[in-house]
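Take a look at the structure set out below.
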Amino acid sequence: MILVTGGAGFIGANFVLDWLAIHDEPVINLDKLTYAGNPETLQSLQADTRHTLVQGDIGDTALVSQLLTQHQPRAVVNFAAESHVDRSIHGPGEFIQTNIVGTFNLLESVRGYWQMLPADQKEAFRFLHVSTDEVYGSLKKDDPAFTETSHIEPNSPYSASKAASDHLVRAWHHTYGLPVLTTNCSNNYGPYHFPEKLIPLMIVNALAGKALPVYGDGQQIRDWLYVKDHCSAIRRVLEAGRLGEIYNVGGWNEKANLDIVQTVCALLDELRPRLDAKPYRDQITYVTDRPGHDRRYAIDARKLEQELGWKPAETFESGIRKTVQWYLDHPDWVAHVQSGAYRDWVQKQYASGASDAGH
Ligand code: NAD
Ligand code: DAU
């Protein structure tokens with residue numbers, strides 16, 4: 001079996017659902033169930049004995065050690081993190097606590113368990129750390145894409161905390177021999193994405209007749225990868241990645257934010273036209289920029305492709321259409337994640353801008 005952390009969040013839950021659709025290998029899913037953790041996403045696994053959801057913190061060494069000893073996983077896949085850049089700007093403390101201190105405690109629990117394994121299991125064991133392209137900082141317009149040897153130059157409290165966790169993972173390999181793998185992926189999108197992030201926020205706000213808040217000039221560039229392609233990359237790295245290595249994961253889909261928002265609007269015009277027949281793009285509103293906003297990310301994923309034969313299955317066009325359709329088909333999931341806590345956050349984030357998003 002494997003231990004997955006943060007498996008009730010966006011990517012972790014997609015990973016668990018896909019894993020159990022492909023394998024029979026059981027999953028212990030350790031998740032603190034913060035505002036971003038949503039057990040409803042895993043509802044289809046409720047009666048599935050291959051999946052056990054445990055509410056708890058990766059930083060709780062007693063709990064993690066007990067889970068490891070009890071279930072004897074052959075691998076740990078670490079998704080657990082505070083993940084939203086804007087939240088890290090408003091309150092970095094939780095990011096330091098979970099992403100840095102939590103990862104440190106998790107590494108120590110795992111190291112204690114791994115050291116006691118019999119030789120064959122010790123050799124086969126893997127700790128896969130899921131990280132982000134944001135650790136590399138911001139690119140200029142014509143800079144080449146990030147490779148695994150690009151400088152680590154994080155600019156937000158979130159990316160700095162993720163970079164710190166990547167460094168800890170690296171050090172635990174070099175110093176203690178812990179068999180680690182790290183993946184640094186670009187922006188994901190797809191089903192079960194919490195509507196505080198760009199794409200799902202635009203979909204739900206558009207449908208609710210609210211403003212579509214574009215930060216600054218909307219010309220910031222991100223590379224976008226369909227979440228199930230990220231999950232397949234993680235499975236492949238877990239299966240065949242070289243110990244201690246970093247693998248960049250990306251979709252070769254660099255897009256400006258405004259283009260993303262306009263694409264979402266055009267798909268909604270087609271799939272769920274407004275009652276007044278006006279285009280959804282009329283709802284676009286420019287709001288105050290994110291402080292320290294990174295201008296451009298781009299991922300060079302050739303190492304993963306050449307060494308391990310991984311390629312994304314979706315194009316941006318096919319993935320974004322599936323995503324918009326998924327949100328149209330799952331209004332209940334969206335309604336349930338829009339809890340009181342979610343509304344408080346949206347109010348705080350957008351109160352000073354020109355937008356009425358989330359109100
Ligand atoms: P998310 O915020 O949707 O989910 C994070 C999950 O971790 C939640 O279920 C939350 O309850 C859980 N969690 C938070 N703190 C915890 C703790 N202390 N102990 C246990 N569980 C805890 O995030 P996501 O978008 O699914 O991202 C997952 C991972 O992938 C993160 O490490 C993130 O940095 C990384 N990543 C995300 C993206 C992206 O585009 N979303 C891209 C690259 C890498
Ligand atoms: O690059 C990988 C990263 O992608 C992950 O590590 C993070 O966990 C994930 O949240 C994501 O970070 P971003 O900051 O790029 O994602 P977000 O969806 O918050 O924003 C995408 C872009 O859209 C960014 O340039 C900011 C902009 N934006 C975002 C929101 C929420 C807007 O213009 N308006 C908005 O309301």
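Residue indices begin at 1 and follow the sequence shown. Both ligands and their constituent atoms are indexed starting at 1 by order of listing. Values below: all heavy atoms of this structure, side chains included; hydrogens, waters and symmetry mates excluded.
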What part of A13, side chain from CB on, backbone N/CA/C/O, both or neither, has a heavy atom under 4.0 Å from ligand 1?
neither
Kindly confirm or rule out an N or O of E134 lying under 3.5 angstrom from an N or O of ligand 2.
yes
Give me the nearest non-hydrogen protein atom to atom 32 (O) of ligand 1 as residue plus atom name, then the distance to 0.1 Å.
K162 NZ, 2.6 Å
So for F194, does at least one of its heavy atoms come nearer than 4.0 angstrom to any atom of ligand 1?
no
N/O separation below 3.5 Å, T132 to ligand 2
yes
Among R290, H84, K255, which one has a heavy atom closest to atom 14 (O) of ligand 2?
R290
Between M202, R296, Q220, H293, flag the one that comes closest to atom 26 (C) of ligand 2 by a heavy atom.
H293
Below 3.5 angstrom, do we get any N/O pair linking Y158 and ligand 2?
yes
Please determine whether a side-chain nitrogen of the Lys or Arg among E314 and K322 lies less than 4.0 Å from a carboxylate oxygen of the Asp or Glu.
yes
Applying a 4.0 Å heavy-atom criterion (strictly less than), which segment of N257 is in contact with ligand 2: side chain, backbone, both, or neither?
side chain
Does a donor on one side chain and an acceptor on the other come within less than 3.5 Å for H129 and S165?
yes
Does a side-chain N-to-carboxylate-O contact under 4.0 Å join R296 and E254?
yes
Location of contacts on N187 toward ligand 2, heavy atoms closer than 4.0 Å:
both
Do any nitrogen or oxygen atoms of P213 lie less than 3.5 angstrom from nitrogen or oxygen atoms of ligand 2?
yes
Applying a 4.0 Å heavy-atom criterion (strictly less than), which segment of L201 is in contact with ligand 2: side chain, backbone, both, or neither?
side chain
Taking the six-membered ring of F316, is NZ or CZ of R321 closer than 6.0 Å to its centre and within 45° of its axis?
no
How far is atom 31 (C) of ligand 1 from its nearest protein heavy atom, and which residue and atom name does that atom have?
F79 O, 3.2 Å
Looking at the rings of Y136 and Y297, which for Trp means the six-membered one, are their centres under 6.0 Å apart?
no
Decide if the gap between the ring center of Y192 and the ring center of W326 is smaller than 6.0 angstrom.
yes
Please verify the inter-ring angle class for F95 with Y158; under 30° counts as parallel, over 60° as perpendicular, anything in between as tilted.
perpendicular
Aromatic ring proximity Y35/F194, centre distance under 6.0 Å:
yes
Give the single entry among Y286, F194, Y215 that approaches atom 29 (C) of ligand 2 most closely by any heavy atom.
Y215
Which segment of Y158 sits under 4.0 Å of ligand 1 when only heavy atoms are counted:
side chain
Part of K162 within contact of ligand 2 (heavy atoms, under 4.0 Å)
neither
Between E239 and R236, does any side-chain N to carboxylate O distance fall below 4.0 Å?
yes
Taking distance alone, with no angle check, do D133 and ligand 2 share an N/O pair under 3.5 Å?
yes
Is there a polar contact between ligand 2 and V214, counting only N or O atoms under 3.5 Å apart?
no
Between E25 and R50, is the salt bridge (Lys or Arg N to Asp or Glu O under 4.0 Å) condition met? List the steps.
CA-CA 7 Å; E25 188 175 13; R50 299 171 304 164; over 6 Å; no
